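Reading through the C-alpha cells given below for one structure.
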There are 2 protein chains.
Amino acid sequence: MLKDPETGLQRLILDTARQLLTSVGYAQVSMRKIANKIGYSATSIYLYYGNKDELVHALIDEGVDLLYQDLYDADQAGLSPEERLEKMCRAYIRFGLEKPEYYEIMYILHPEYIKRYPAEKFRKARRNLELIASAIAAAIDASQFEAMDSMLSANLVWAQLHGVVTLLGSERVDKRIPEQELIEATVHQIIRSFRITPSGVEV
Amino acid sequence: MLKDPETGLQRLILDTARQLLTSVGYAQVSMRKIANKIGYSATSIYLYYGNKDELVHALIDEGVDLLYQDLYDADQAGLSPEERLEKMCRAYIRFGLEKPEYYEIMYILHPEYIKRYPAEKFRKARRNLELIASAIAAAIDASQFEAMDSMLSANLVWAQLHGVVTLLGSERVDKRIPEQELIEATVHQIIRSFRITPSGVEV
DNA sequence: CCTCGAGCTTAACAGTGTTAACTTTACTCA
DNA sequence: TGAGTAAAGTTAACACTGTTAAGCTCGAGG
C-alpha cells in the first residue's frame with residue numbers, strides 16, 4: 001500500500017471517508033458509499049487501502065493529530081503546571097464531545113480493530129498521553145503535586161477523562177445531571193486529586 | 001412481543017444468544033448463527049423478538065441484574081461507608097473485566113442502540129448507580145466525606161470506573177503500566193477524592 | 001504494430017438484519 | 001364430521017456489508 005495519500009484518487013478517497021465520517025458518523029462509512037460519492041467502484045479503494053481497517057487507521061491518524069494539536073494549543077507558556085493540566089483536561093473533553101466520530105474510531109471502536117493498529121502509529125498516539133504526563137511531571141517538580149510515577153498518573157487522568165467523555169457522549173448519563181456540572185466536577189477532581197495532602201505521600 | 005421468556009423456544013433463543021455472546025463475543029451474535037445452533041430458521045427469532053435490538057436488550061437486562069448482584073454482594077453490612085464504596089468499586093471493575101461481553105453491550109455499544117433502549121429498563125439500570133450513590137451518601141452522613149450531591153458524585157465515580165474498565169478492556173493502555181497498579185490507583189484515588197480536605201468544603 | 005502494465009471495473013461470494021408470503025399443524029365451533 | 005382459523009415455523013427475497021478474482025481499457029515503450 002502507498003504510504004502518502006498525495007496521489008489523486010487516494011486523497012479523494014480519504015477526503016470522502018472523512019467527510020462521511022464527520023457528517024453522518026462511522027456507522028455510515030462503507031466502501032461502497034465512499035466510492036459512489038466520488039463516482040468510482042468500491043473495489044478501487046482496495047488499490048490504495050488493503051482493507052477497511054487501513055482506511056480507518058488513516059482516519060484515526062488524522063484524529064490523533066487533531067487531538068494533539070488541541071492539547072498542544074492548550075498547553076501555553078506562562079501557565080502554572082496546575083493550570084496547564086486543567087486546560088489540557090478541558091481540551092480533551094471538548095475534543096471528545098465536539099468530534100465524537102473521531103473519538104469513536106480512536107478510542108471506542110471494538111478491540112479487534114485496534115489490535116491490527118500498527119505499532120508505529122500506536123507510538124504516535126502515545127504522544128498525546130505524554131503531553132498530559134509532562135504537565136503532571138512539571139507539577140510534581142514544582143512540588144505542587146505529590147511525587148508519583150507521572151506516566152501512571154497520566155493514565156489515571158486519561159481514564160477519568162475517557163470515562164466522562166464516553167458516558168456523556170453515549171447519552172448514558174441521567175439527564176437530571178447537568179452535563180456542564182459533571183464536566184466541572186471531573187476537572188476539579190482531577191486537579192485536586194493530585195494535590196499534596198496533609199496525610200503525606202501516598203501510593 | 002412476549003414479555004416473559006419462559007416459553008420453550010424463546011428461552012432457547014435467549015440462552016443460545018447468551019451462550020454465543022459469552023463464548024465468542026457480541027460481534028459473533030447473529031440471528032442466523034443463533035438459529036442454526038438450535039436448528040431453527042433465523043426468521044423464527046422474529047416471532048419472539050421484534051428485532052435484534054430487542055434480543056440484545058434482553059441480554060443487557062441480564063447483564064444489569066448480574067452487575068447489581070455483584071454490587072449488592074460487595075455491599076455487606078458491618079462495613080464503614082468508605083469500605084463499602086471501595087468494595088463496590090472493585091466489584092464494578094471486576095465485573096467489567098471478567099464479563100467484557102456483557103459490559104460491551106451494556107455500556108459500550110453504539111449510542112444508536114441505547115436510544116432504542118426502553119425507558120423502563122433504563123430505570124432498572126439506574127439502580128446500579130443508586131447503590132453506589134447510597135454508599136457515598138452514607139459516608140457524607142458519617143461526615144467522612146464532604147457534603148456534595150450524592151447522585152452527581154456517583155456519576156463522577158461511575159465515569160472513573162467506566163474509564164478504567166474500557167481502557168484496560170480494549171487494551172489501549174500501554175503494557176508498561178501494570179494493570180493491577182492502575183486499578184489500585186484508581187480505587188485509591190476515588191476514595192481519597194471524597195475525603196474532607198483542610199481547605200474546607202468545595203464545589 | 002505489438003506488448004505490457006497501470007488503473008479501474010464487473011461479477012461474484014459469503015455474510016448481515018429484516019420482510020412478505022407460504023406451509024403445516026392443531027384446535028375450535030357449527 | 002367438516003370447515004375455519006389461528007399459531008408456529010418455513011422459504012425466498014431485498015438491500016446492505018467487506019472482500020476477492022478476473023477482465024477490460026488505454027496509453028507508453030520497444
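Protein chains get the first letters and strands the later ones, always in sequence-line order, with residue 1 at the start of each. Worth saying up front: this structure is predicted, and the values here are computed from it rather than measured. Atom set for the values below is all heavy atoms of this structure, side chains included, hydrogens, waters and symmetry mates excluded.
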| said: Looking at Arg126(A) and Asp174(B), is there a salt bridge between them, counting it only when a charged N and a carboxylate O are closer than 4.0 Å? | reply: yes
Gap between atoms [atom1] and [atom2], on [X] and [N] respectively (whole Å):
X	N	atom1	atom2	result
Leu47(B)	dT11(D)	CG	P	13 Å
Gln28(A)	dC16(D)	CD	C1'	11 Å
Arg116(B)	dG17(C)	CZ	P	13 Å
Ile34(A)	dC16(D)	CD1	P	16 Å
Ile38(A)	dT9(C)	CD1	P	9 Å
Ile45(B)	dG17(C)	CD1	P	9 Å
Asn51(B)	dT18(C)	CG	P	5 Å
Glu54(B)	dG17(C)	CD	P	15 Å

What's the closest nucleotide to the [X] side chain, out of [options]?
X	options	result
Ser44(B)	dC8(C), dG17(C), dG9(D)	dG9(D)
Met31(B)	dT20(D), dC8(C), dG17(C)	dG17(C)
Lys52(B)	dA8(D), dG17(C), dT20(D)	dG17(C)

| field | Of Thr43(A) and Lys33(A), the one whose closest DNA chain D nucleotide lies more 5' | value | Lys33(A)
| task | Would you check if Arg90(A) and Glu184(A) make a side-chain contact, meaning some heavy-atom pair closer than 4.5 Å? | result | yes
| Mutual orientation of the aromatic rings belonging to Tyr92(A) and Tyr103(A) [parallel < 30°, tilted 30-60°, perpendicular > 60°] | perpendicular
Does the side chain of [X] get closer than 4.0 angstrom to OP1 or OP2 of [N] through an N or O atom?
X	N	value
Tyr48(B)	dG9(D)	yes
Ser30(B)	dT16(C)	yes
Ser41(A)	dT9(C)	yes

| task | Start with the C-alpha gap between Ser170(A) and Arg172(A), add the side-chain angles, then the distance that decides, and say whether side-chain hydrogen bond (donor to acceptor under 3.5 Å, both in side chains) holds. | result | CA-CA 5 Å; Ser170(A) 65; Arg172(A) 280 177 164 96; 3.2 Å; yes
| task | Please evaluate the base of dG15(C) for a donor-acceptor partner in the side chain of Arg32(B) within a cut-off of under 3.5 Å? | result | no
| field | His57(B) ring center near Phe122(B) ring center (under 6.0 Å) | value | no
